[in-house]
Amino acid sequence: MAGDGRRWKLLDLLQEASGFLDSRGLDGARLEAELLLAAALGVRRLDLYLQFDRILAAAEVEAFRGFVRQRLAGRPSQYITGEAGFRLLDLHVDDSVLVPRPETELLVEEALTFLADAPPGPVLDLGCGSGAIAIAIAREHEGVRVVASDLSHAALVLARRNARRHGLEDRIRFVCGDLCAPLGARRYRAVLCNPPYIATADLETLEPEVRDHEPRLALDGGPDGLDLIRRVAGTILPHLEPGGRLFLEIGARQAEEASRLVRDAGFGEPEMRPDVAGLPRLIIAAAPS
């Protein structure tokens, strides 16, 4: 995609970029090209389809090509565009937080099912990152109050921005600190947590766009991947209301050991939920009534 001084129609540039990305082995090349071009032009992706004959300014073409070069260098498209989707949400993201994953939507779905039939009570998003979980719960369960915590100040700045974007800043309180340290004595009807759960030695085996660009703090789960799961299981029970629930995302090979950790911490026998690939992904544990 060398600069050649030609006048580009939007559709022609999009097709050239799609073919270029595809030739470099990038999955979903057309979608990636559309997302990057929409961001470069400051429009919605769907708006591209109404502007196929638009002649682009040289600065617009160069901005788009800069995005394509970043993508080919391995930078996730969500960090390039500053946008990521999660359930019904469009969220601001940057490299201070993980890109929200489809697997984590299962955690939100199961928590919403529980909260629909449970007595009202506050909800905690432990390690909130971009705020995806907290904001999804607040948006989809009218009236619920959420506390969102994170160790990273930069992540909390972004999460607050996302809460404002969706008009939910009055229903989500953000606190900074290490796991339960900033929580005080308050108890919660539900605690949701997507902790780091990649074993340190396995980090180098991750896809380069994850390994080289996403925050290590949000990925590294220690030598066995269970450090944070162990700490959450061992400290969260005093912060749950009687009969409350812990919703804990885990790695695909951690179900047996994570379940043992939860049982040993005083919870009942946990339930397990698989992700769309059929792999164990979510533990649901009830606090004693």
Side-chain angles (χ1 to χ4, degrees), residues 1-105 108-109 129-140 155 157-169 172 207 209-210 213-214 276:
M1 292 188 67
D4 52 16
R6 89 182 244 195
R7 297 183 71 207
W8 283 95
K9 278 188 180 181
L10 188 154
L11 180 58
D12 292 340
L13 185 63
L14 183 60
Q15 290 175 333
E16 188 210 44
S18 298
F20 187 71
L21 292 172
D22 186 62
S23 73
R24 297 302 192 274
L26 201 69
D27 291 337
R30 173 66 183 227
L31 175 59
E32 293 262 9
E34 290 180 358
L35 291 169
L36 296 176
L37 183 55
L41 299 180
V43 301
R44 298 177 306 167
R45 175 178 158 240
L46 293 179
D47 291 336
L48 298 178
Y49 291 84
L50 304 176
Q51 303 179 38
F52 278 162
D53 290 329
R54 172 180 167 183
I55 302 297
L56 301 178
E60 293 174 325
V61 174
E62 185 51 39
F64 174 57
R65 285 175 164 158
F67 285 175
V68 171
R69 287 191 289 269
Q70 289 185 57
R71 187 68 189 95
L72 289 174
R75 187 169 175 78
S77 59
Q78 293 92 340
Y79 291 161
I80 299 170
T81 65
E83 293 281 323
F86 183 79
R87 288 180 67 83
L88 305 175
L89 304 170
D90 292 319
L91 298 168
H92 301 297
V93 293
D94 61 27
D95 56 11
S96 68
V97 299
L98 284 182
V99 174
R101 304 295 203 271
E103 296 93 328
T104 305
E105 296 187 9
V108 173
E109 187 67 38
S130 66
I133 292 171
I135 295 166
I137 291 290
R139 178 171 178 176
E140 297 183 52
V157 169
L158 190 67
R160 287 190 181 98
R161 182 183 174 196
N162 281 321
R164 287 194 300 271
R165 178 176 185 173
H166 292 281
L168 294 168
E169 63 269 37
I172 304 174
E207 291 293 326
E209 64 183 54
V210 176
H213 296 277
E214 299 203 51
V276 293

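What's counted below: heavy atoms across the whole structure, side chains too, no hydrogens, waters or symmetry copies.
Shown here is Gln51, whose CD atom has more than 12 heavy atoms of other residues, nucleotides or ligands within 6.0 Å. Annotation: Arg30, atom CZ; neighbour count of heavy atoms from other residues, nucleotides and ligands within 6.0 Å is above 12.
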task: Would you sort out whether Leu21 and Leu72 count as a side-chain contact (heavy atoms from CB on, under 4.5 Å), showing the intermediate values?
output: CA-CA 8 Å; Leu21 292 172; Leu72 289 174; 3.8 Å; yes
task: Step by step, work out the salt bridge (charged side-chain N to carboxylate O under 4.0 Å, His left out) result for Glu62 and Arg69.
output: CA-CA 10 Å; Glu62 185 51 39; Arg69 287 191 289 269; 2.6 Å; yes
- Message: Checking Tyr49 against Glu34 for the side-chain contact (heavy atoms from CB on, under 4.5 Å) test, could you report, in this order, the C-alpha distance in whole Å, the side-chain angles of both residues, the deciding distance, and whether it holds?
- Response: CA-CA 10 Å; Tyr49 291 84; Glu34 290 180 358; 2.6 Å; yes
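In plain terms, the two heavy atoms of Val108 and Ala136 that are nearest each other are CG1-CB, 4.0 Å. For Ser96 against Leu158, the heavy-atom pair with the smallest separation is OG-CD2, 4.4 Å. Of all non-hydrogen atoms in Tyr79 and Val99, the two that sit nearest each other are CE2-CG2, 3.8 Å. Here the shortest heavy-atom pairing between Ala159 and Gly129 reads CB-O, 3.5 Å. Closest approach of Ala84 to Val93, counting heavy atoms only: CB-CG1, 3.8 Å. Considering every non-hydrogen atom in both Phe86 and Leu91, the closest pair reads CB-CD1, 3.9 Å.
Using a 4.5 Å heavy-atom cutoff, the side chains of Arg165 and Ile135 are not in contact. Counting only heavy atoms from C-beta outward, the side chains of Leu41 and Leu56 approach each other to under 4.5 Å. Contact check for Glu83 versus Gln78: no side-chain heavy atoms found under the 4.5 Å cut-off. Proximity of Asp95 to His213: side-chain heavy atoms (C-beta onward) are nowhere separated by under 4.5 Å. Side-chain atoms of Ile55 and Lys9, non-hydrogen and from C-beta on, do get closer than 4.5 Å to each other. Residues Pro102 and Val276 fail the side-chain proximity criterion, which asks for heavy atoms closer than 4.5 Å. Side-chain contact check for Ile172 versus Ile137: every heavy-atom pair is 4.5 Å or farther apart. Counting only heavy atoms from C-beta outward, the side chains of Arg45 and Leu31 approach each other to under 4.5 Å.
Using modelled atom types, no side-chain atom of His92 and backbone atom of Ser130 make a donor-acceptor pair closer than 3.5 Å. The backbone N or O of Arg75 lies less than 3.5 Å from a partner atom in the side chain of Arg71, making a donor-acceptor pair.
Between the OG1 atom in Thr81 and the CD atom in Glu32 there is a gap of 9.5 Å [rounded to 0.5 Å]. If you take CZ on Arg87 and CD1 on Ile133, they are separated by 11.0 Å, rounding to the nearest 0.5 Å. For the atom pair CD (Gln70) and CD1 (Ile80), the distance works out to 5.0 Å, reported to the nearest 0.5 Å. Put simply, CG on Leu10 and CZ on Phe64 are 8.5 Å apart, with the number rounded to the nearest 0.5 Å. One distance of note links CH2 of Trp8 with CD of Glu60; it measures 14.5 Å at 0.5 Å rounding.
The list of side chain to side chain donor-acceptor pair (under 3.5 Å) pairs with a residue in residues 17-26, not counting sequence neighbours, is empty.
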